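Working notes, beginning with the structure itself.
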Protein chains: 4
Amino acid sequence: MGAVRQDRRAELLGIAGRLFAERGFATTTVREIADAAGILSGSLYHHFDSKESMVDEILRGFLDRLRAAYERVLAERPDPRAALTALVTVSFESMDSDGDAIAIFQNEAAHLAQFERFGYLAEVAAELERCWLGVLERGQRDGVFRADLRVPLVYRFIRDTVWVAVRWYDPEGTLGAEEIAAQYLTILCQGIVAQR
Amino acid sequence: MGAVRQDRRAELLGIAGRLFAERGFATTTVREIADAAGILSGSLYHHFDSKESMVDEILRGFLDRLRAAYERVLAERPDPRAALTALVTVSFESMDSDGDAIAIFQNEAAHLAQFERFGYLAEVAAELERCWLGVLERGQRDGVFRADLRVPLVYRFIRDTVWVAVRWYDPEGTLGAEEIAAQYLTILCQGIVAQR
Amino acid sequence: MGAVRQDRRAELLGIAGRLFAERGFATTTVREIADAAGILSGSLYHHFDSKESMVDEILRGFLDRLRAAYERVLAERPDPRAALTALVTVSFESMDSDGDAIAIFQNEAAHLAQFERFGYLAEVAAELERCWLGVLERGQRDGVFRADLRVPLVYRFIRDTVWVAVRWYDPEGTLGAEEIAAQYLTILCQGIVAQR
Amino acid sequence: MGAVRQDRRAELLGIAGRLFAERGFATTTVREIADAAGILSGSLYHHFDSKESMVDEILRGFLDRLRAAYERVLAERPDPRAALTALVTVSFESMDSDGDAIAIFQNEAAHLAQFERFGYLAEVAAELERCWLGVLERGQRDGVFRADLRVPLVYRFIRDTVWVAVRWYDPEGTLGAEEIAAQYLTILCQGIVAQR
DNA sequence: CATGAATGAGAGTTCATTCAT
DNA sequence: GATGAATGAACTCTCATTCAT
């Protein structure tokens with residue numbers, strides 16, 4: 001039945017995702033994916049149209065989940081500071097479930113977005129950006145966040161720090177995503193300078 | 001004379017660097033570099049042994065300059081907070097002169113470092129890391145920086161934010177590297193939460 | 001099944017061998033081999049790792065067969081003159097089955113042996129040389145062969161004559177390998193000067 | 001004056017000849033020749049039209065000398081056995097002065113002769129062949145050489161042995177060309193089997 | 001579903017040759 | 001005479017993809 005088929009797809013996408021994340025999309029060959037899956041490269045085409053459609057599926061899945069999570073956060077936390085905390089935490093935590101996709105999105109999105117097929121990447125990115133900007137602007141208006149900071153700049157700093165963390169984050173390591181999020185939030189909110 | 005030759009090399013490296021930064025090293029073809037330079041692909045080999053030797057030269061130049069700048073900072077600023085400020089500022093400012101190299105280093109170093117020829121990348125990265133860690137640890141010991149933060153984590157946050165900024169930084173834009181550094185330092189040191 | 005695959009490999013190796021023998025290894029292009037096989041050059045790499053691995057396989061096959069044949073000769077003929085006759089005959093006869101490989105070995109071995117991968121060529125050559133030298137020395141000791149001849153020199157003369165014959169030998173021609181061997185043995189043993 | 005120019009040409013041809021002999025014509029690059037001569041590859045074209053014209057000149061010089069030597073032999077020795085001895089000796093001795101050219105002729109003539117420019121190679125080869133065949137036939141007719149041998153076959157055996165010797169002959173070694181010729185003549189005339 | 005032979009475009013690189021300086 | 005930058009064609013090899021079996 002279709003369930004087995006879906007499982008196989010998911011399994012293959014997992015393998016492909018890991019390799020894309022490790023070696024880059026362009027640098028990973030279809031043969032490497034097939035090798036890792038224990039089949040021949042031609043056989044992959046029974047499951048996917050092309051190498052592109054594999055990244056496509058991987059990225060769509062991740063972005064859908066992320067968007068949903070962000071929307072939930074915004075719906076549940078009217079308070080800007082609580083919302084910011086939740087966005088940061090949710091983002092860091094997604095490294096556990098979607099680490100490969102995050103890495104791929106980080107490393108390849110700019111390049112892929114040039115092609116029509118991946119035009120949605122820019123759209124989703126803009127959507128996600130609006131979530132952050134909304135929270136930051138609201139916080140600034142409410143006097144919760146400092147007024148002397150340029151919100152778009154703050155957003156970029158946060159986004160970069162949060163997502164690039166996949167490069168060194170180890171899901172099996174002792175330092176969990178939650179703790180990393182907590183430390184980052186401390187810095188982000190209070191700074192690293194000791195209080196007098 | 002050699003000066004002309006050096007100029008031509010530098011010119012070609014500039015073109016190659018721009019393309020490597022934009023499209024990635026593996027994705028950029030030698031023919032594209034040659035096209036951009038207005039010569040044929042084979043002619044590049046009059047100046048460089050290989051595509052690899054081009055990135056090599058680009059990265060070595062950048063890392064040498066950066067290392068020297070960091071050492072100068074450490075030699076001139078005994079005060080941890082002043083040193084941190086200077087390291088951050090120097091790093092952001094290097095985007096103006098070495099933006100392409102930074103982008104290449106960010107995007108390709110992990111991959112390239114696997115090859116013997118690029119083993120030095122890991123070494124230099126470790127050296128640079130020691131600069132930051134030294135400053136942060138000294139600051140923490142002196143009570144200048146909060147004691148409840150894990151220094152290696154703080155280092156990674158800073159490093160990621162500083163270097164990934166090349167992705168959106170525009171050297172011709174209205175927002176200068178210095179101002180970006182200043183804003184980031186405000187966040188990093190005092191946090192984004194408004195003082196009561 | 002594997003048999004078909006082996007057949008195809010053998011077929012392609014035959015084509016490659018013929019061209020390598022005719023035009024030389026370096027001068028023969030992969031495209032020429034593919035053209036002669038009626039496929040595209042890239043398709044050859046489905047069967048072989050590289051052009052080098054093609055010669056490798058060709059030479060290994062030939063040398064294995066030749067070594068085995070020489071060993072059989074030495075095992076079956078204790079008499080030096082009979083052994084010499086058999087070695088010469090076996091060698092000439094191998095032109096019928098391994099003409100291309102002989103030509104390649106003659107023309108390329110010295111060059112190829114410089115590369116590590118082909119180091120075995122020198123070893124096998126030395127092994128084959130020992131077969132001939134053993135027979136010649138034994139014959140000289142037994143008084144069957146003239147004592148005033150330098151055995152290493154005699155060996156080289158024989159070796160050169162026997163193997164360079166592939167350059168003009170025509171497997172389809174009226175003069176068979178056996179007859180050529182017989183004529184050469186007459187000269188080699190009795191000389192061309194008429195007996196008084 | 002022209003003498004200096006001629007000297008330089010000869011010097012460059014010597015270098016080219018050595019490399020062609022060692023590595024093969026196709027495999028030797030113009031740059032290698034230039035490197036060995038201490039100039040840049042482009043500079044070679046002040047002396048020679050092309051790489052081809054270098055081999056051309058090398059081969060022509062050698063073949064002219066050899067033809068003259070053979071004609072002198074035939075003119076001076078009416079006796080077939082003396083003529084044969086002289087041809088063999090002259091040929092072996094030419095390894096001292098023309099070793100590289102002999103090697104090139106051996107290894108490349110068949111290939112080069114396909115091109116119009118090198119059509120003369122086949123002609124000269126035929127001319128040289130006639131010298132040997134004439135002597136052998138005359139000797140057979142006179143009853144000096146055995147009647148049961150096919151002269152064209154004997155010629156090929158001699159030719160191959162004589163010329164392929166360049167592959168192992170060492171002009172600086174202890175074994176001189178003259179002695180090699182003597183040993184070969186012993187075998188060729190009397191055979192290697194001890195007289196009862 | 002998978003195999004494996006083949007495609008066809010394009011990759012990095014080499015090299016004989018030219019030519020302005 | 002020599003330099004050195006450039007040409008242009010050809011080379012080996014890679015790879016996403018197709019398709020008959």
Side-chain angles (χ1 to χ4, degrees), chain A residues 4-5 8-9 12 25-34 37-54, chain B residues 1-2 4-5 7-9 11-12 25-34 37-54, chain C residues 1-2 4-5 7-9 11-12 25-34 37-54, chain D residues 4-5 8-9 12 25-34 37-54:
Chain A
V4 170
R5 209 160 152 181
R8 188 69 171 131
R9 275 184 82 85
L12 293 172
F25 174 68
T27 313
T28 301
T29 72
V30 166
R31 209 160 154 179
E32 284 167 343
I33 301 170
I39 57 178
L40 287 178
S41 65
S43 307
L44 271 180
Y45 288 81
H46 285 288
H47 302 277
F48 304 97
D49 288 353
S50 65
K51 194 176 146 187
E52 267 190 6
S53 74
M54 294 188 224
Chain B
M1 55 208 90
V4 170
R5 199 166 166 181
D7 282 3
R8 187 65 172 136
R9 277 181 79 85
E11 194 187 338
L12 293 172
F25 174 67
T27 314
T28 302
T29 73
V30 162
R31 272 182 181 84
E32 284 168 343
I33 301 170
I39 57 178
L40 287 176
S41 66
S43 305
L44 275 179
Y45 290 81
H46 188 66
H47 302 278
F48 304 98
D49 284 352
S50 64
K51 193 179 149 187
E52 263 190 12
S53 74
M54 293 188 222
Chain C
M1 54 209 94
V4 170
R5 200 164 164 183
D7 282 3
R8 188 65 171 136
R9 276 182 81 85
E11 194 187 337
L12 294 171
F25 174 68
T27 313
T28 302
T29 73
V30 163
R31 266 185 185 85
E32 285 168 342
I33 301 170
I39 57 178
L40 287 175
S41 67
S43 305
L44 274 179
Y45 290 82
H46 187 64
H47 302 277
F48 304 98
D49 285 352
S50 64
K51 192 177 147 187
E52 263 190 10
S53 74
M54 292 190 223
Chain D
V4 169
R5 208 161 152 181
R8 188 69 172 132
R9 275 183 82 84
L12 293 172
F25 174 67
T27 313
T28 302
T29 71
V30 165
R31 210 162 153 177
E32 284 168 343
I33 301 169
I39 57 178
L40 287 177
S41 65
S43 307
L44 271 180
Y45 289 81
H46 285 288
H47 302 277
F48 304 97
D49 288 351
S50 65
K51 194 177 146 188
E52 269 191 4
S53 73
M54 293 189 223

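Every chain is numbered from 1 and lettered A, B, ... according to where its sequence line falls, protein lines coming before strand lines. Heavy-atom basis, side chains included; hydrogens, waters and symmetry copies ignored. From a predicted model like this one, the values you see are computed outputs, not experimental measurements.
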Would you mind telling me which of [options] lies closest to the side-chain atoms of [X]?
X	options	result
D/I39	F/dT3, F/dC13, E/dT17	F/dT3
A/L40	E/dT7, E/dT3, F/dT7	E/dT3
B/K51	E/dT3, E/dG12, E/dT17	E/dG12

So, OP1 or OP2 of [N]: does either fall under 4.0 Å of a side-chain N or O from [X]?
X	N	result
D/S43	F/dG1	no
C/Y45	F/dC13	yes
B/H46	F/dA5	yes
B/R8	F/dG4	no

Classify the nucleic acid contact of C/T27 as base, sugar-phosphate or nothing, counting any heavy atom under 4.0 Å across all strands shown.
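Nothing: the residue C/T27, judged by heavy atoms under 4.0 Å, touches no strand.
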Which part of the nucleic acid does A/T28 contact within heavy-atom distance under 4.0 Å: base, sugar-phosphate only, or nothing?
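Counting heavy atoms under 4.0 Å across all strands, the contact made by A/T28 is with sugar-phosphate only.
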Atom CD of B/E11 to atom C1' of F/dA6: distance rounded to whole Å?
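Computing the B/E11:CD to F/dA6:C1' distance gives 14 Å.
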Output the rounded distance in Å from CZ (B/R31) to C1' (F/dC11).
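The distance from CZ of B/R31 to C1' of F/dC11 comes to 11 Å, rounded to the nearest Å.
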Separation of the P atoms in F/dT21 and E/dC1, to the nearest angstrom
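About 22 Å, rounded to a whole number of Å.
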